[in-house]
> 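One structure is given below, represented as structure tokens, and several questions about it will come after.
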Amino acid sequence: MTMAIPPGLETLEFVLIDGQPVPPFTAVLVGVVGSGNLEVLLEPDTGNSCTVRIETSARGFSPIWTAVVHDFHARHQRIGLRVLVNDMGATPAVVSLRLDQAMAEMQAGTP
């Protein structure tokens, strides 16, 4: 039995609660949506969590996204952060690279 995956974007959301608060920063945008790539937007959040919202055209890959998001959070351990990912089919390695790139830019821009 095969499961049909309906067309359209899939939205995944994660709330991660462990970590240190991020210092004040302005929003950071890296990457470009299109042609198998993605964009990552980091925004400050007033909560005590790291929220990650993913909109992806590659439907049915929730277990892989879960692994990538948890790996990202294990590396950076930050809260007070909202991460928005707009994906057009990037590989997990590219997703991790863009997430790390956004964090590096965020840290470089903090006072």
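Just so it is clear, the structure is predicted and the values come from calculations on it, not from any experiment.
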> Is there side-chain contact between E39 and V32, with heavy atoms separated by less than 4.5 Å?
no
> Is V95 reachable from F14 through a run of I, L, V, M, F, W or Y residues, each pair having side-chain heavy atoms under 4.5 Å apart?
yes
> Kindly indicate whether the side chain of T51, heavy atoms from C-beta on, has any atom under 4.5 Å from the side chain of E13.
no
> CD1 of I17 to SG of C50: how many Å apart, nearest 0.5 Å?
11.5 Å
> Can you tell me how far apart CZ (R78) and OG (S49) are? Round to the nearest 0.5 Å.
14.5 Å
> Do you know the tightest heavy-atom contact between A58 and D87?
CB-OD2, 4.4 Å
> Answer yes if V94 and I64 sit in the same cluster of Ile, Leu, Val, Met, Phe, Trp and Tyr residues linked by side chain heavy atoms under 4.5 Å apart, and no otherwise.
yes
> Can you tell if the side chain of M103 reaches within under 4.5 Å of the side chain of L42, non-hydrogen atoms only?
yes
> Are E10 and R59 close enough, and set up right, to give a salt bridge (charged side-chain N to carboxylate O under 4.0 Å, His left out), and what steps lead you there?
CA-CA 6 Å; E10 181 172 17; R59 300 181 60 82; 5.2 Å; no
> Using the rule that two of Ile, Leu, Val, Met, Phe, Trp, Tyr join whenever any of their side-chain heavy atoms come within less than 4.5 Å, decide whether V68 and L97 are in one cluster.
no
> How close do P63 and G60 get, heavy atom to heavy atom, and via which atoms?
CD-O, 4.5 Å
> Sort out for me which residue in L84, V69, N86 forms a side chain to side chain contact (heavy atoms under 4.5 Å, CB included) with I54.
V69
> Please examine the side chains of P44 and F25, heavy atoms only from C-beta on, and report whether any two atoms are closer than 4.5 Å.
yes
> Quick check for you: to the nearest 0.5 Å, what is the distance between Q107 atom CD and H76 atom NE2?
7.0 Å
> Could you grab the distance from atom CG of L38 to atom CZ of R98, nearest 0.5 Å is fine?
6.5 Å
> Between H73 and D18, does any side-chain donor sit less than 3.5 Å from a side-chain acceptor?
no
> Of the non-hydrogen atoms in V22 and G80, which two are nearest, and what is the gap between them?
CG2-O, 3.3 Å
> Should V52 and W65 be marked as a side chain to side chain contact (heavy atoms under 4.5 Å, CB included) after you check the CA-CA gap, both sets of side-chain angles, and the distance that decides it?
CA-CA 10 Å; V52 180; W65 279 106; over 6 Å; no
> Hey, are the side chains of V30 and E105 touching, using non-hydrogen atoms and a 4.5 Å cut-off?
yes
> Run L99 and V83 through side chain to side chain contact (heavy atoms under 4.5 Å, CB included) and show every step you take.
CA-CA 9 Å; L99 289 167; V83 181; 3.8 Å; yes
> Starting from the C-alpha separation in whole Å, work towards a yes-or-no answer on side chain to side chain contact (heavy atoms under 4.5 Å, CB included) for L16 and H70.
CA-CA 8 Å; L16 307 155; H70 286 278; 3.5 Å; yes
> Apply side chain to side chain contact (heavy atoms under 4.5 Å, CB included) to residues D100 and R75 and explain how you reach the verdict.
CA-CA 9 Å; D100 289 347; R75 283 192 313 278; 2.8 Å; yes
> Working to the nearest 0.5 Å, report the span between CD1 of I79 and CG of N48.
5.0 Å
> Is L12 close to F61 at the side-chain level, that is, under 4.5 Å between some pair of heavy atoms?
no
> Calculate, to the nearest 0.5 Å, the distance between atoms OG1 and CD belonging to T11 and E55 respectively.
4.0 Å
